[in-house]
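Below you'll find the structure, written out as structure tokens, and then a few comments.
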Number of protein chains: 2
Amino acid sequence: MSEAVSRPTLEAVAARAGVSRATASRVVNGGDGVREPLVERVRRAVEELGYVPNQAARSLVTKRHDAVAVVIAEPETRIFTDPFFALQLRGISKELTAQDNQLVLLLTEGRDDHARVARYLAGGHVDGALVFSLHLDDPLPGLIEGAGVPTVFGGRPGWSGGSKSAVYVDCDNRGGAEDAVRHLVGLGRTRIAHITGPLDQTSAADRLQGYRDVMGETDPRLVVASDFTPSGGERAMGELLDRCPDVDAVFAANDLTALGALRVLRERGRRVPEDVAVIGFDDVLPVAEQTEPALTTVRQDIEEMGRLMARLLLSTLNRGEPATGAPTGVVLPTTLIRRATA
Amino acid sequence: MSEAVSRPTLEAVAARAGVSRATASRVVNGGDGVREPLVERVRRAVEELGYVPNQAARSLVTKRHDAVAVVIAEPETRIFTDPFFALQLRGISKELTAQDNQLVLLLTEGRDDHARVARYLAGGHVDGALVFSLHLDDPLPGLIEGAGVPTVFGGRPGWSGGSKSAVYVDCDNRGGAEDAVRHLVGLGRTRIAHITGPLDQTSAADRLQGYRDVMGETDPRLVVASDFTPSGGERAMGELLDRCPDVDAVFAANDLTALGALRVLRERGRRVPEDVAVIGFDDVLPVAEQTEPALTTVRQDIEEMGRLMARLLLSTLNRGEPATGAPTGVVLPTTLIRRATA
DNA sequence: TTGAAAGCGCTAACAT
DNA sequence: ATGTTAGCGCTTTCAA
């Protein structure tokens, strides 16, 4: 565009350095098996000409793109409220950058886009995909499997089809929830409630499972469904107080939910943690450190999960194998962070 | 990878349709000047073979990539707390998708990455760039100008160098601020304070300017600097109350700041809006609608700004011209949204 | 309207 | 260790 100032080619570099194109190529790609003086001359030519390899030409022959798609399914409205995805993206970006790969972002808006994404992935424009799609009935994972592109999922995928073992990275949602509830029990609480996330997402389902693991059979009114948002947390907490005025602890499915719950508890004059103890999940700092009182919560290292997804995918790509037999799911540990609410 | 099941080429499609590669290519690219029966046959062949064009091969000859880079400078820690960027990204993504372009995301972490980004852009991997970099002294815009890639900035760029008129999309920060402050004046408030954003960002600087436009010379203690975060808002509000206990209105530089301010006002027993009226900026729904009381704020259509950036860039690309003489800055209007705090 | 053929810039055998 | 050469899959003159 602009100045039609066509960029220098390898040919030009070779000419300037007085070597063949092949030698120039070798130097540009690491310089193995080329004698020092020549390497030097080529390097200088590259420098002087400001040569940058034409990625399209390179891809055409290598069939590698050094690019990875990150697919985020939009039903995840969370993207826009929860720092979760942003943090994970940052982790992914850091790792890809470190390994000289580009990040192609694919945001989807509903079903129509699924086909588009599948086509894109199948089109072989990227070497692999990192996919966030945690809904139980999401057709995306199936489509992607069909596209035959190496893929790592963010969060345990919950679709029923797909015989193939999906590779994913997740945190120990169940174990983390168990820890939280156990902590509440240890505090002597007996009427421990749980405000769930959207149960069609595996993370929410797993956290509920963790709660049940510890609580066993319990008053069903102590479990109320919500949606990972602050306002959802408010609604749920309100209901909870109406139904079970004697509740003395709440395990919220995430920090945002806890935020809403705290708000309602304050409104209704319950002291935290004296009357009602509260624990969240995620440890998203700008939220957890700023609630009042500061939120006790289950930490997951979100950025690290992103890095790990990228690392896993890239190592798969470099081995050429679709990670068969490799760990099919990597589950990161969680830590209970004690602050003031429990 | 995986099944080494090499994808069908145009050649294969042509063969199957019984036409030349040239004709097949024409059909794939719109089918102009090809007679209907042939178009039909080629289309069917494409369908049957599941043909998808090899973008690398195509780019090699067209010199177009149908890809746009989105550069977000990391000092913007806001990315991870403020829905602002996520929304803008969504707008960008929608528009790019609609015009069949890919979004390559470049997140930068500090200066070292600047060079990397500049090199990437100069490398001609993408057709253009959308850049968020609103710091006064940011070297990035300069580097990018040097890369010679058509670029649209998100927010008025504030760097001093660069003679070339940069194309950018922004909202009317100054006008919006004026509206807000005027509204407070109309409410009969006389001790109107302003909690600023980081003043090395043009948006924050422009909002402060708007405040000054209306207030004229005023008690300097009524202006306190902050950083667009809730905790920053808390600190600033605390200071404000200490210095000027008679403050009766606050214009906060953004919603997150207002959130923090509201928190402190409540703690200190000031009624909102009776004792102190509060107005924010952005109208990020999950924040503004959920404060207590609901926040009166200046709305900017963030997603639309994203769309517009993309649209502007793409039309520039399609015209081949670097938008010289074209609008150098597009400033979207803002609206005051009255809720309960003012 | 259709086809033949010449590259786009690069890598990877293969020769030397 | 270096050079020669044959494509990678596509678009695009140019002829027919």
Side-chain angles (χ1 to χ4, degrees), chain A residues 1 4-43 45-46 49-67 100 122-127 320, chain B residues 1 4-43 45-46 49-67 100 122-127 320:
Chain A
M1 303 296 105
V5 58
S6 58
R7 321 184 28 64
T9 70
L10 233 208
E11 186 75 55
V13 172
R16 177 155 195 133
V19 301
S20 74
R21 213 171 50 214
T23 298
S25 174
R26 289 183 187 110
V27 173
V28 168
N29 292 289
D32 289 357
V34 179
R35 251 191 297 253
E36 192 46 45
L38 285 197
V39 171
E40 197 41 50
R41 267 156 60 195
V42 173
R43 289 251 160 83
V46 165
L49 264 35
Y51 169 78
V52 182
N54 179 321
Q55 182 62 42
R58 181 181 273 172
S59 291
L60 192 51
V61 30
T62 62
K63 270 112 177 58
R64 282 277 305 231
H65 304 266
D66 297 323
D100 262 309
H125 303 294
V126 290
D127 300 326
Chain B
M1 301 297 102
V5 59
S6 59
R7 321 188 28 65
T9 70
L10 231 209
E11 184 75 55
V13 171
R16 177 155 196 133
V19 301
S20 74
R21 213 170 43 199
T23 297
S25 173
R26 291 185 185 107
V27 173
V28 168
N29 292 291
D32 289 356
V34 178
R35 251 192 295 257
E36 191 47 46
L38 284 198
V39 171
E40 196 42 49
R41 265 156 61 195
V42 174
R43 289 251 159 82
V46 165
L49 263 35
Y51 170 78
V52 181
N54 179 321
Q55 182 63 41
R58 179 180 277 173
S59 292
L60 191 51
V61 31
T62 61
K63 271 110 176 59
R64 282 274 309 228
H65 303 267
D66 296 321
D100 262 310
H125 303 294
V126 290
D127 300 326

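Because the structure is a prediction, the values reported are computed rather than measured. Sequence lines set the chain letters: A, B, ... in the order given, protein chains first and strands last, and positions in each chain run from 1.
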So which heavy atom on [X] is nearest to which on [Y], and how close?
X: B:V28; Y: B:Y51; value: CG2-CE2, 4.1 Å
X: A:S59; Y: B:A56; value: CB-CB, 3.8 Å
X: B:G31; Y: B:V39; value: O-CG2, 4.3 Å

Show which side-chain atoms of residues 10-19 of chain B pair as donor or acceptor with protein atoms under 3.5 Å away, not counting sequence neighbours.
from, atom 1, to, atom 2, distance (Å)
B:E11, OE1, B:R21, NH1, 3.2
B:R16, NE, B:E48, OE1, 2.6
B:R16, NH2, B:E48, OE1, 3.0

Fill in the blank from the handout: When rounded to the nearest 0.5 Å, the distance separating NE2 of B:H65 from CG of B:L60 is 9.5 Å

Problem - Sequence-distant partners of A:H125, ring-ring contact (aromatic ring centres under 6.0 Å, His included), two or more places apart - result: A:Y120

Fill in the blank from the handout: Here the side-chain hydrogen bond (donor to acceptor under 3.5 Å, both in side chains) pairs for residues 24-33 of chain A, sequence neighbours left out, are A:S25-A:N29, A:N29-A:R58

Problem - Bending between helix ends of the helix from C:dT1-D:dA16 to C:dT16-D:dA1 [5 pairs per end, 10° resolution] - result: 40°

Problem - Residues forming a side chain to side chain contact (heavy atoms under 4.5 Å, CB included) with B:R35, sequence neighbours excluded - result: B:P37

Handout entry: B:D127 side-chain N/O to B:R64 backbone N/O, donor-acceptor pair under 3.5 Å
Key = no

Problem - For A:T62, all residues meeting side-chain hydrogen bond (donor to acceptor under 3.5 Å, both in side chains), sequence neighbours excluded - result: none

Exercise for the section: Kindly indicate, with the supporting measurements, whether the criterion side-chain contact (heavy atoms from CB on, under 4.5 Å) is fulfilled by A:T23 and A:V34. Expected result: CA-CA 7 Å; A:T23 298; A:V34 179; 4.0 Å; yes

Fill in the blank from the handout: Ordered by number, residues from residues 19-26 of chain A within less than 4.0 Å of DNA chain C (heavy atoms) are A:R21, A:A22, A:S25, A:R26

Problem - Positions of residues 29-42 of chain B (non-hydrogen atom under 4.0 Å from DNA chain C), listed by number - result: B:G33, B:V34, B:R35, B:L38

Fill in the blank from the handout: Note: chain A reaches DNA chain C at heavy-atom distances under 4.0 Å over the stretch, first to last nt, 5' to 3', of C:dG9 to C:dA13

Completion exercise
Outermost contacting nts on DNA chain D, any atom under 4.0 Å from chain A heavy atoms, listed 5' then 3', are D:dA1 to D:dG9

Problem - Close side-chain approach of A:N54 and A:R7, heavy atoms under 4.5 Å - result: no

